[in-house]
Amino acid sequence: VFGKDITLILILNNLSFDHKTVKVDMSASTILYTRRAVTEILKATTSVDLNSKQGKHIRLKIPYSYYGKYLTTDKRIQVTALCEVMHTNGVKLLVEKTIILEDTNIIIKIPRRVVVNKAVTLEISYANPLPEPVNRCTLLVTLMNQQVKIHLAPLAARERSKIYFEFTPRRSGPLQLQVDFSCDKFSHVKGFVTIPVAPA
């Protein structure tokens with residue numbers, strides 16, 4: 001989840017009867033959705049001895065402090081591990097993993113029944129998932145082909161807050177509401193809901 005430390009485990013298994021020494025070069029970079037690297041955030045090298053039929057786990061931790069300020073709006077991190085079996089004429093194995101960090105920031109609560117030409121109040125809850133405060137917070141609410149920008153108070157580390165948003169639907173049928181939360185540390189955290197509007 002965005003704002004939390006990331007822990008990955010690489011599992012190495014020696015399927016042969018011979019002792020193996022494996023050199024592992026690990027790296028992590030923030031990337032765009034096109035997989036183009038933006039910034040390298042972690043580089044580590046380790047060596048593992050594996051006896052016959054033995055398996056070992058290598059734990060890789062990426063703290064939020066390493067990736068937070070380098071993450072793009074795509075919220076993707078590419079992790080690679082190049083495993084080289086020593087003394088075997090360069091037998092290598094490349095393992096890749098793309099991590100897409102999820103947002104759990106926006107929660108939209110709608111009334112059980114929404115009716116044409118009657119005012120409706122929605123509860124929009126938003127949060128700062130980071131271990132540090134954020135400022136310049138805004139919500140962009142898109143509804144019925146109109147956008148409303150709401151300026152919000154700063155949020156403390158891990159703080160959740162909410163606002164109430166009132167509108168009057170003008171026609172029956174499904175109505176789409178989109179909420180976009182931004183601040184000085186991250187942007188475009190989106191929430192989306194379809195509101196069924198009943199005839200009057």
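For this chain, numbers begin at 1 and follow the sequence in order.
Annotation: side chain of D5 is in contact with side chain of K61 (closest heavy-atom distance under 4.5 Å). Looking only at side-chain heavy atoms (C-beta outward), E84 and V91 stay at 4.5 Å or farther from each other. Here the side chains of N128 and F186 are in contact, with some heavy-atom distance below 4.5 Å. Inter-residue side-chain proximity for L122 and K109 is flagged as unmet; no heavy-atom pair is nearer than 4.5 Å. Looking at heavy atoms from C-beta onward, D180 lies out of side-chain contact with L139 at the 4.5 angstrom threshold. At least one side-chain heavy atom of L101 sits less than 4.5 Å from a side-chain heavy atom of L71. For the pair K118/V116, no side-chain contact is recorded, criterion being any heavy-atom separation below 4.5 Å from C-beta on. Using a 4.5 Å heavy-atom cutoff, the side chains of R136 and C183 are not in contact.
Between E132 and R158, no side-chain nitrogen of the basic residue sits less than 4.0 Å from a carboxylate oxygen of the acidic one, so the salt-bridge criterion is not met.
The backbone N or O of P154 lies less than 3.5 Å from no partner atom in the side chain of N135, so there is not a single donor-acceptor pair. Here the side chain of K56 pairs a donor or acceptor atom with the backbone of D49 at under 3.5 angstrom. Without hydrogens or angle criteria, D74 side chain to R76 main chain gives no donor-acceptor distance under 3.5 Å.
Between the CD atom of E166 and the OG1 atom of T121 there is a distance of 4.5 Å, given to the nearest 0.5 Å. Taken from OH in Y66 to CD1 in I41, the straight-line distance is 10.0 Å, to the nearest 0.5 Å. With rounding to the nearest 0.5 Å, the separation of OG1 in T72 from NE2 in H188 is 11.0 Å. Separating the CG atom in L143 from the CG atom in L175 is a distance of 5.0 Å, to the nearest 0.5 Å. Distance CZ/R59 to CG/L8: 10.0 Å, rounded to 0.5 Å. Distance CG/L10 to NE2/H57: 9.5 Å, rounded to 0.5 Å.
Linking ILVMFWY residues whenever their side-chain heavy atoms come closer than 4.5 Å, directly or via other members, places M144 and F165 in the same cluster. Residue V141 is grouped with residue V114 when hydrophobic side chains (ILVMFWY) are merged at heavy-atom distances under 4.5 angstrom, including chains of intermediate members. Both V95 and V48 belong to a single network of hydrophobic side chains, linked directly or stepwise wherever heavy atoms of I, L, V, M, F, W or Y lie under 4.5 Å apart. A continuous path of ILVMFWY side-chain contacts below 4.5 Å connects L93 to L50, so both sit in one hydrophobic cluster. Connection of I163 to V193 is established within a shared hydrophobic cluster, with ILVMFWY side chains joined at heavy-atom distances below 4.5 Å, either directly or through further cluster members.
Figure legend: K53 and F17 shown as a cation-pi pair, the cationic atom lying under 6.0 angstrom from the six-membered ring centre and within 45 degrees of its axis.
The salt bridge (Lys or Arg N to Asp or Glu O under 4.0 Å) test applied to D25 returns K23, not counting sequence neighbours.
By the 6.0 Å contact criterion, OH on Y70 is open, its count of non-hydrogen atoms from other residues, nucleotides or ligands being 12 or less. In Q146, the CD atom is not crowded: 12 or fewer heavy atoms of neighbouring residues, nucleotides or ligands sit closer than 6.0 Å.
Between the side chains of S125 and R160, at least one donor N or O sits under 3.5 Å from an acceptor N or O. In summary, the side chains of Q78 and T98 do present a donor paired with an acceptor at a separation below 3.5 Å, with no hydrogens or angles considered.
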Passes side chain to side chain donor-acceptor pair (under 3.5 Å), S16 versus N14? Steps please.
-> CA-CA 6 Å; S16 74; N14 180 8; 2.8 Å; yes

Check against side chain to side chain contact (heavy atoms under 4.5 Å, CB included), L60 and V79 = CA-CA 10 Å; L60 180 68; V79 181; 3.8 Å; yes

For side chain to side chain contact (heavy atoms under 4.5 Å, CB included), just list the numbers for L177 and F192, CA-CA rounded to whole Å, side-chain angles, deciding distance to a tenth of an Å, and then say yes or no.
-> CA-CA 6 Å; L177 170 81; F192 179 85; over 6 Å; no

Could you please spell out the steps behind the side chain to side chain donor-acceptor pair (under 3.5 Å) verdict for T194 and Q176?
-> CA-CA 5 Å; T194 299; Q176 294 182 340; 4.6 Å; no

Intermediate values then yes/no, side chain to side chain contact (heavy atoms under 4.5 Å, CB included), V179 and I108 = CA-CA 9 Å; V179 177; I108 304 168; 3.8 Å; yes

Where do F181 and L140 land on the side chain to side chain contact (heavy atoms under 4.5 Å, CB included) test, with the steps shown first?
-> CA-CA 7 Å; F181 177 59; L140 186 65; over 6 Å; no

Given side chain to side chain donor-acceptor pair (under 3.5 Å), test T80 with S27 step by step and report yes or no.
-> CA-CA 5 Å; T80 61; S27 66; 2.8 Å; yes

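As a member of the Ile/Leu/Val/Met/Phe/Trp/Tyr network built from side-chain separations under 4.5 Å, L32 groups with V38.
Across all their heavy atoms, P169 and V197 have their closest contact at CB-CG1, 3.9 Å. In plain terms, the two heavy atoms of E123 and Y164 that are nearest each other are OE1-OH, 3.3 Å. Heavy-atom minimum distance, H19 versus N51: CD2-OD1, 3.2 Å. The shortest heavy-atom contact between V24 and A81 is CG1-CB, 4.2 Å. For S172 against P199, the heavy-atom pair with the smallest separation is CB-N, 3.9 Å. Taking both residues in full, the closest heavy atoms of V22 and C83 are given as CG1-CB, 3.9 Å, listed atom of the first, atom of the second, then distance.
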